[in-house]
A.B. asks: 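I am attaching a structure below and will ask some questions about it afterwards.
Note that the structure is a prediction, hence the values are computed from the model and not measured. Worth knowing before you read on, the calculation uses all heavy atoms, side chains too, and leaves out hydrogens, waters and symmetry mates.
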Amino acid sequence: MSPGLHVHQCTQLLRAAIQSGSCRTLHMSPRSAAKEYYDVVVVGGGAGGITMSARMKRKVGAGKVAVIEPSETHYYQPMWTLVGGGAKKLASSARPTASVIPSGVKWIKSEVKGFDPEKNCIRIDDDKEISYKYLIIALGLKLHYEKIKGLPEGFNYPKIGSNYSVQTVEKTWKALQDFKKGNAIFTFPNSPVKCAGAPQKIMYLSEEYLRKTGKRADANIIFNTSSGVIFGVKKYADALQKIIKERNIQVNYKHNLIEVRPDIQEAVFENLDKPGETKVFQYEMLHVTPPMGPPDVLMNSPVSDAAGWVDVSKDNLQHKKYPNVFGIGDCTNLPTSKTAAAIAAQSAVLNKTISLVMKNQSPSSKYDGYTSCPLVTGYRKVILAEFDYNQQPLETFPIDQGKERRTMYHMKADMMPFLYWQLLLRGYWGGPAPYRKIMHLGFK
């Protein structure tokens, strides 16, 4: 090989590496560089990741977007409240991941092992590196059952379940069906939680089930919560307090589950107002909401804040340090409730943010913190809570949403799954904001 030809080939390789923004100084060939580079890389194939991959495909074109997600199955997790209450089947919440990834978007079936935003790359399984021009982090959060002594192995025993995991949600329904007499205890952890209303939704369903099956007189319904309030928004908290009183439900605030003794059906709670003081409860049924936190890969990561959450602007979801990095959903430090409804609203704002960044313009759209929690209070009743960053109601419908309504139950059970599968995951649903003014003006 002549020196001139050798220099020419090296120059070509170097140019390909620079254009790809690769982590490595040099690839083996321009062809391998092309395989490892995408204009947009989306990390996570949950609700936020799939909806943004659909939106980005329309923006930059097929073949230029990749989604990194190890799971073979995608779940519509808001359905699990109803699965745990026996109102829906688990299978109805599941679809193959391959079926929800937009056509033309590359599915990289792998876990993310690390981020290097200074070099515009991430590391996945087998130490392979993927480079990008824009990165969207949508990793969700991690369940920490192991932080409760006696779990997760305690789920091998009867009378205990959890609606937060695909492995344990059906155990909730089994425990409810097998209930005879005693305490039915429902917990809320001392940590951030996705869908903060879910720990008490299953309580209301269980209470109604026990009434309908003639067991309510022999049941003590107990909600042990680490929080100091029943719900963070006063309007809906007041409505829930009335229901709690009417249905004779016992609420113990500042009670955090720290241990389960499944062999003798005991749950140990710490009094957060008096650290170190504990109380043991006997249970006939126990529903556990586990502590939650950021995925391991985000802990001590350059893209995360000190607590491990992706550090983004609360207004536009752009990373505070790296302008070509963005976050959406449960993995971010956005100060709002972590729900699928929040992801829908965030996706519309993030789509506009990225569009402007791609044009070298400053983001202008602002996310108001909109989130929604359909508070299931019975098998045919829902209080539709919608609110913003300031914990103020931000309601879609021109009616009092602080009341239990059958129409809202059907929206939760039937309409929202359709919106999720057919519109949100395809990048066509950005929350109710565009329709809110129309709805209210139409009824004035």
Side-chain angles (χ1 to χ4, degrees), residues 78-79 81-82 85 87 186 188 193-209 211-212 221 223 225 227-249 251 253 335-346 348 367-420 423-424 429-444:
M79 184 73 76
T81 286
L82 300 179
F186 304 83
F188 189 101
V193 173
K194 58 180 173 181
C195 193
Q200 57 184 299
K201 296 177 192 180
I202 185 60
M203 175 179 70
Y204 301 124
L205 288 174
S206 298
E207 193 276 338
E208 182 175 333
Y209 176 84
R211 268 191 285 123
K212 289 183 173 180
I221 309 295
F223 188 52
T225 173
S227 177
V229 294
I230 196 66
F231 197 74
V233 181
K234 186 178 184 303
K235 174 178 180 176
Y236 309 120
D238 290 346
L240 292 172
Q241 288 288 8
K242 290 180 182 177
I243 293 170
I244 286 167
K245 185 176 181 180
E246 289 169 359
R247 301 184 193 175
N248 192 28
I249 295 171
V251 179
Y253 297 104
T336 194
S337 281
K338 300 177 184 295
T339 67
I343 288 171
Q346 290 165 20
Y367 175 49
D368 55 14
Y370 172 85
T371 189
S372 175
C373 182
L375 292 160
V376 179
T377 55
Y379 283 95
R380 290 293 181 269
K381 291 178 284 189
V382 160
I383 293 173
L384 182 60
E386 296 179 290
F387 49 98
D388 61 14
Y389 276 137
N390 299 316
Q391 307 268 293
Q392 295 301 308
L394 189 61
E395 298 179 342
T396 300
F397 301 98
I399 56 176
D400 182 2
Q401 290 183 204
K403 292 183 177 180
E404 295 178 288
R405 295 183 185 276
R406 186 175 184 134
T407 51
M408 297 303 172
Y409 175 86
H410 286 299
M411 189 174 76
K412 154 74 177 174
D414 305 315
M415 180 181 172
M416 286 183 177
F418 174 83
L419 281 177
Y420 183 85
L423 297 178
L424 176 63
W429 175 248
Y435 313 102
R436 193 176 293 122
K437 288 183 179 179
I438 297 172
M439 291 291 292
H440 285 265
L441 285 171
F443 283 82
K444 283 188 175 180

A.B. asks: Testing Q401, Q392, E395 one by one against K235 for a side-chain hydrogen bond (donor to acceptor under 3.5 Å, both in side chains), which residue passes?
C.D. replies: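 The option that passes is E395.
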A.B. asks: From F231 CZ over to C373 SG, what is the distance, rounded to the nearest 0.5 angstrom?
C.D. replies: 4.5 Å
A.B. asks: Mind checking what makes salt bridge (charged side-chain N to carboxylate O under 4.0 Å, His left out) contact with K403, not counting sequence neighbours?
C.D. replies: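 In terms of salt bridge (charged side-chain N to carboxylate O under 4.0 Å, His left out), with neighbours along the sequence ignored, K403 is linked to no residue.
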A.B. asks: Please test L419 against L424 for side-chain contact (heavy atoms from CB on, under 4.5 Å), starting from the C-alpha separation and ending with a verdict.
C.D. replies: CA-CA 6 Å; L419 281 177; L424 176 63; 5.9 Å; no
A.B. asks: Walk me through it: do S337 and C195 pass the test side-chain contact (heavy atoms from CB on, under 4.5 Å)?
C.D. replies: CA-CA 7 Å; S337 281; C195 193; over 6 Å; no
A.B. asks: Before you tell me yes or no, could you show the steps for T336 and Y367 under side-chain contact (heavy atoms from CB on, under 4.5 Å), namely the whole-Å CA-CA distance, both residues' side-chain angles and the distance that decides it to 0.1 Å?
C.D. replies: CA-CA 11 Å; T336 194; Y367 175 49; 3.6 Å; yes
A.B. asks: Do you know which two heavy atoms are closest between A239 and G402, and how far apart they sit?
C.D. replies: CB-O, 3.2 Å
A.B. asks: Which pair of heavy atoms, one from Y236 and one from P393, lies closest together, and at what distance?
C.D. replies: OH-CB, 3.8 Å
A.B. asks: So D400 and R405, do their side chains get closer than 4.5 Å, heavy atoms only?
C.D. replies: yes
A.B. asks: Counting N and O atoms only, with roles assigned by atom type, does the side chain of D388 sit under 3.5 Å from a partner on the main chain of Q391, one being a donor and the other an acceptor?
C.D. replies: yes
A.B. asks: Can you list everything that forms a side chain to side chain donor-acceptor pair (under 3.5 Å) with N390? Sequence neighbours excluded, please.
C.D. replies: none
A.B. asks: Going from OH on Y370 to CZ on F387, what distance comes out if it is rounded to the nearest 0.5 angstrom?
C.D. replies: 9.5 Å
A.B. asks: How long is the straight-line distance from CG of L375 back to OG1 of T81, given to the nearest 0.5 Å?
C.D. replies: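 Output value for this atom pair is 10.0 Å.
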A.B. asks: Are Y379 and Y409 near enough that their ring centres are under 6.0 Å apart?
C.D. replies: no
A.B. asks: Can you measure from CZ (R247) to CD (E208) and round to the nearest 0.5 angstrom?
C.D. replies: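 Separation between the atoms: 7.0 Å.
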A.B. asks: Tell me, do I383 and I243 make a side-chain contact under 4.5 Å, heavy atoms counted?
C.D. replies: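 Heavy-atom side-chain distance check passes, below 4.5 Å.
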A.B. asks: Do NZ/NE/NH1/NH2 and the carboxylate oxygens of K234 and D238 come within less than 4.0 Å?
C.D. replies: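 A salt bridge is present here (some side-chain N lies under 4.0 Å from a carboxylate O).
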A.B. asks: Using a 4.5 Å cut-off on heavy atoms from C-beta on, say whether the side chain of M411 contacts that of M416.
C.D. replies: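 Yes, close enough: below the 4.5 Å cut-off.
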A.B. asks: Output a table of donor-acceptor pairs, distance under 3.5 Å, between side-chain atoms of residues 199-207 and any protein atom two or more places apart or on a different chain; print 'none' if there are none.
C.D. replies:
{"residue": "Q200", "atom": "OE1", "partner": "Y204", "partner atom": "OH", "Å": "2.7"}
{"residue": "Q200", "atom": "NE2", "partner": "I230", "partner atom": "O", "Å": "2.9"}
{"residue": "K201", "atom": "NZ", "partner": "P374", "partner atom": "O", "Å": "3.1"}
{"residue": "S206", "atom": "OG", "partner": "I202", "partner atom": "O", "Å": "2.8"}
{"residue": "E207", "atom": "OE1", "partner": "R211", "partner atom": "NE", "Å": "3.0"}
{"residue": "E207", "atom": "OE1", "partner": "R211", "partner atom": "NH2", "Å": "3.0"}
{"residue": "E207", "atom": "OE2", "partner": "R211", "partner atom": "NE", "Å": "3.0"}
{"residue": "E207", "atom": "OE2", "partner": "R216", "partner atom": "NE", "Å": "3.0"}

